[in-house]
There are 2 protein chains.
Amino acid sequence: MEMTLKRRETMHRLCGKGLEIFNEKGYYNTSLDDILQELSLSKGAFYHHFKSKEDYFINIVQNLIVQKVYALLIEPLDTNENPLPVIVESLENALEPGKKNEMAYGFMLNDFLTEFNKRNEEISGYLKNILSVWEVNLVAVLKRGKVDGHIARHVDCEGAATYIIASYLGMRSLMTDSTNRQLKYQYIQQLKQYFKSISATHALA
Amino acid sequence: MEMTLKRRETMHRLCGKGLEIFNEKGYYNTSLDDILQELSLSKGAFYHHFKSKEDYFINIVQNLIVQKVYALLIEPLDTNENPLPVIVESLENALEPGKKNEMAYGFMLNDFLTEFNKRNEEISGYLKNILSVWEVNLVAVLKRGKVDGHIARHVDCEGAATYIIASYLGMRSLMTDSTNRQLKYQYIQQLKQYFKSISATHALA
DNA sequence: AATTTGACCGACCCATAAGTCGGTTATTTT
DNA sequence: AAAATAACCGACTTATGGGTCGGTCAAATT
């Protein structure tokens, strides 16, 4: 039992630091030694816990990344209010660089997706799966918005969800340095504009 | 003279095939030998013409990619019509996978930007520069649209341009296999919806 | 206390890929 | 035709980085 705790703790430290550095420098541009050095661990330690770099990253995806996406982008959708402002708020939040020197989690998806799309089908599959869950939830919440009279009846909820996701992912390519407040502000403003056009409120510029 | 021609022809072949394969597999995931083999050329030939892989890619960016972006995304904006349908058409066109087995040029920017953002500041600078030219032109054309009465006066043209670019770039992460007609259709539909909301036409669902 | 097992160490192996260099071949110049 | 130069060849060097393996040490089991 006690040994299992030690194991879990080390694995946890590895995953946390790994996500941090992969996110910062990219997966293929980060060597295991880069991570190991920061944690003062050895190759031997690493391979005692993970069977490969790939296995390691899958672990990170399925624990840390999934969790973050849920917390930031999916769970906030679970309310009974008008979905549009709720979506805006979740995106605004997800684009926020972490408080102190945390990561800007909202940014990871586009980067990792792009990196793995052409290189590793398995990992890219897991990542696309996360997106797909997000999409399903967006669609559901948009449809409910229709029923509740917040969203115009003519709206294609699947299309709207796709559009929301695309614009969110695309922001990453533009916001290079995390301090880019201006871009985020512009994005949120235009998103609201778009939302106005699909909402059911009876006209009013 | 004749030698210069030979040189230029070989460099041209190298750049063309290079872009094709880099676009397909990613820059860092493509070895020079991958390209050289397809052209039946040797390392020696390559380094006779380019001083490094980086130099080679910069060549590709500044010739081929710049040219394609201009042709697909910037030059079409140069009309006196209502800019919004013109923008829609250019994006629709840029997302179109090349006719026979050409490349889907519209896709390159997000991939390369993401790849180089964390790895090579110089190249990422060139790429961001291309985006920036596109943005400037979008803003200009949107502002003209305002003057000409096609776009509502309250619209923030810089914000709208950012939003258009972000959504376009983001589509790449979603459209993995090039045959994804559905996603493209959804995207264009929602873009039109958004455009309706910033246009000056006096209401009409 | 003796033994086993889990956590960890770090030198080593090996594949990959960028870049080098001393050549050969083809083309141009004189 | 001879000399010079450009285009090209491919074995080699070198650095990097994932993965291996025989070991050490400490904790847990007996």
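In what follows, every chain begins at residue 1, and chains take the letters A, B, ... in the order their sequences are listed.
In this structure, the NE2 atom of B:His49 is 16 Å from the P atom of C:dG19, given to the nearest Å. Atoms CZ (A:Arg13) and C1' (C:dA7) sit 12 Å apart, rounded to a whole Å. Distance CG (B:Leu36) to C1' (D:dA11): 15 Å, rounded to an integer number of Å. Atom CZ of B:Arg8 is separated from atom P of D:dA7 by 12 Å (rounded to the nearest Å). Atom CG in B:Asp55 sits about 14 Å away from atom C1' in C:dA18, given to the nearest Å. The interatomic distance linking A:Leu39 (CG) with C:dC9 (C1') rounds to 15 Å, in whole Å. D:dA26 atom C1' lies 9 Å from atom NZ of A:Lys6, rounded to whole Å. Note: CZ (B:Phe50) to P (C:dT20) measures 15 Å, nearest angstrom.
In this structure, the nucleotide among D:dA7, C:dA7, C:dC8 sitting nearest to the side chain of B:His48 is D:dA7. Of all nucleotides listed (D:dA7, C:dA7, D:dC8), D:dC8 comes nearest to the side chain of B:Ser42.
Here B:Tyr28 pairs with B:Phe116 under the ring-ring contact (aromatic ring centres under 6.0 Å, His included) rule; sequence neighbours left out. For B:Phe195, the ring-ring contact (aromatic ring centres under 6.0 Å, His included) test picks out no residue, with sequence neighbours left out. Legend: residues meeting ring-ring contact (aromatic ring centres under 6.0 Å, His included) with B:Phe46, ordered by chain and number and at least two apart, are B:Phe50, B:Tyr56. Listed by chain and number, the residues in a salt bridge (Lys or Arg N to Asp or Glu O under 4.0 Å) with A:Lys146 amount to none (sequence neighbours excluded). By the ring-ring contact (aromatic ring centres under 6.0 Å, His included) test, B:Tyr194 pairs with B:Tyr163, sequence neighbours left out.
The pair B:Arg181-B:Glu96 meets the salt-bridge criterion, with a side-chain N (NZ, NE, NH1 or NH2) lying under 4.0 Å from an Asp/Glu carboxylate O. Salt bridge status for A:Lys17 with A:Glu20: present, with a side-chain N to carboxylate O gap under 4.0 Å.
OP1 or OP2 of D:dC8 has at least one side-chain nitrogen or oxygen of B:Thr10 nearer than 4.0 Å. Residue B:Arg7 places none of its side-chain N or O atoms closer than 4.0 Å to OP1 or OP2 of D:dA6.
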Counting primed atoms, P, OP1 and OP2 as sugar-phosphate and everything else as base, the B/S/- map of nucleotides 15-21 of chain D against protein heavy atoms under 4.0 Å is --SBBB-

